[in-house]
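The chains referred to below are lettered A, B, ... by the order of the sequence lines, with proteins before strands, and numbering in each begins at 1.
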Protein chains: 2
Amino acid sequence: MVAKKKDVIDLSSSLPDIWRILTDTEREILRHSARIVNFKKNELIYLEDDIPKELMCLFTGKVKIFKNGIGGRSQIIRIIRPVQYFGYRAYFARENYVTAAMAFESCTVCMIPLELIEKFLRGNGNLAFFFIQLLSVDLGIADQRVVNLTQKHVRGRLAESLLALKESYGLEEDGATINIYLAREDLASLSNMTTSNAIRTLSNFVNERIIAIDGRKIKIIDEERLHKISRMG
Amino acid sequence: MVAKKKDVIDLSSSLPDIWRILTDTEREILRHSARIVNFKKNELIYLEDDIPKELMCLFTGKVKIFKNGIGGRSQIIRIIRPVQYFGYRAYFARENYVTAAMAFESCTVCMIPLELIEKFLRGNGNLAFFFIQLLSVDLGIADQRVVNLTQKHVRGRLAESLLALKESYGLEEDGATINIYLAREDLASLSNMTTSNAIRTLSNFVNERIIAIDGRKIKIIDEERLHKISRMG
DNA sequence: ATAGAACTATGTTCTAAAACACAAATATAC
DNA sequence: GTATATTTGTGTTTTAGAACATAGTTCTAT
């Protein structure tokens, strides 16, 4: 967790949407309040029950938001890609964090005091509307996720997760390999299944020539089939 | 669906929070744009894929927000009590509704054009922050719900639903009977289980003297036990 | 008031996925 | 670079809960 010199990074190009909406004065204040923090692979960014203090914007890297469920069984709630904002919900709800955040791989995160953000958006309806939109989209995804995770079978849930990972992090140069290096356990936690089941179902997909695996790297061979399996449940 | 004369209801006392935050001009506009609509028991308020046009505030009655999942198996996403706002998320996310809303029992709903609300909150940061808070709280609940519904066993999920119903709609004069008249199917759809399982588990709770049932009326006898079952999963 | 529909109840069977067990392969730390 | 820990892979067993069947009961509409 090393704080870089602020002006190494050009906030105007790195903080999309927000920067555009702010007034000049607000931008100046922001420039002096934001800090950049680096996290190593598997490093925790915040913990369940922590007090939310800063709005975070992921500049580079990959982050998972997860929850410790019944009997400590953890579940990935959502994944963050550059350039997305996170860590603000609990503050706005006047709660402590109910989730934790961890770096999948080394990350650069921009931190902005939430007090400042609240002050800005109380005086800037368009900035506030930007957050209303973020929250509204996420709430829709969460509602859909409840149905997907509870009603789809393992194959459907795994297919869905693979497609979601592709959607979030994209493909490598070969245009087929999902651009993330994920343990089977994380894949399981994202798809709400046991690690054994994730491994087994992944093997089945390989046998059915839907995907190919090389260690932790997953190549999508038949995306259409994957969509179909996800849809069918 | 009969539109009442607007001034029959005193908006200033019926639209909590929002009214307080508005300016006098905004209040005057709102007074002329809001309409009151009544819904009969089991009447649909809006449908999946409908275009969201109005912010709704439930004045009296009880409403369920639900989704048709895989193979048409429907699932209750959240329940609305007076005086709560609903029906705005999709509009803010620039989506059509992904859920449907139905009256559990006869309802009175206040409808306000969302275009107007958006205009208001873009110019009134405090009003916008009110919606940010609503969405933030709901998103936290949704995240928690994902874990509860996927990790808890049927007993835990049913116990949780009973407590949630008590929390939302309260108890009758006897201080024990949950103040809602719900089909077993709805209870199942709220707890993500089959109707058979809801009936069976409810019977078990009766045998264990945790609750008592008289038709659709459910009396909580041992709330502490219910909490424990819900927590344990 | 009565017929038909919808809901409630309970027993039985079946199955998807969890739990468990262990071996092989990788990763990580020293 | 080697030792230890973690992750991956696969077979076997167990179980929670879905699916199905059927009967009794309670709504609801005419």
| DNA chain C: A:R155 or A:G215, which has the more 5' nearest nucleotide? | A:R155
| Over how many whole Å does the gap from A:R73 atom CZ to C:dA19 atom C1' extend? | 12 Å
| query | Are side-chain heavy atoms of B:D186 and B:I76 found at a separation under 4.5 Å? | reply | yes
| request: Compute whether any side-chain donor of one residue and acceptor of the other, for B:R73 and B:N192, lie under 3.5 angstrom apart. | output: yes
| query | Quick one: B:M193 CE to D:dA18 P, roughly how many Å, whole number? | reply | 8 Å
| note | note: B:I70, atom CD1; D:dA18, atom P; distance rounded to Å ~ 15 Å
| Options D:dT28, C:dA18, C:dC20, nucleotide nearest the side-chain atoms of A:S196 | C:dC20
| task | Using a cut-off of strictly less than 4.0 Å, decide whether B:R216 has a side-chain nitrogen or oxygen near OP1 or OP2 of C:dT8. | result | yes
| said: Without decimals, in angstroms, what is the distance between B:L158 CG and C:dT8 C1'? | reply: 15 Å
| message | For C:dA9 and B:S203 - does any side-chain N or O of the residue sit under 4.0 Å from the phosphate oxygens OP1/OP2? | response | no
| task | Please work out which residues in residues 180-189 of chain A have a non-hydrogen atom less than 4.0 Å from an atom of DNA chain D and list them by number. | result | A:A183, A:R184, A:E185
| B:F92 and B:F131 aromatic ring geometry - parallel, tilted or perpendicular at 30°/60° bounds | perpendicular
| Can a side chain N or O of A:N197 be found less than 4.0 Å away from OP1 or OP2 on C:dA16? | no
| Is there a donor-acceptor pair under 3.5 Å between the side chain of A:Q133 and the backbone N or O of B:A93? | no
| Using a cut-off of 4.0 Å on non-hydrogen atoms, how would the nucleic acid contact of A:T195 be classed: base, sugar-phosphate, or nothing? | nothing
| message | I need the CD1-P distance between B:I199 and D:dA18, as an integer number of Å. | response | 13 Å
| field | Protein-nucleotide distance (A:D214, atom CG; C:dT26, atom C1'), rounded to Å | value | 13 Å
| said: Test side chain to side chain donor-acceptor pair (under 3.5 Å) on B:N38 and B:T108; report intermediate values, then the result. | reply: CA-CA 5 Å; B:N38 290 312; B:T108 306; 3.0 Å; yes
| field | Sugar-phosphate only, base, or nothing, as touched by B:R200 at under 4.0 Å among non-hydrogen atoms | value | base
| task | Please confirm whether the backbone N or O of B:G87 pairs with a side-chain atom of B:Y97, one donor and one acceptor, at under 3.5 Å? | result | yes
| remark: Quick note, A:H153 side chain, CB onward, closest among C:dA18, C:dA16, D:dT28 is C:dA16
| query | Closer to the 5' end of DNA chain D via nearest nucleotide, is it B:K41 or B:R157? | reply | B:R157
| query | Does A:E185 CD have over 12 foreign heavy atoms under 6.0 Å away? | reply | no
| message | Using whole Å, what does the distance between atom C1' of nucleotide D:dG17 and atom CD of A:Q151 come to? | response | 15 Å
| said: If I take atom CG in residue B:N42 and atom C1' in nucleotide C:dA5, what distance separates them, rounded to the nearest angstrom? | reply: 14 Å
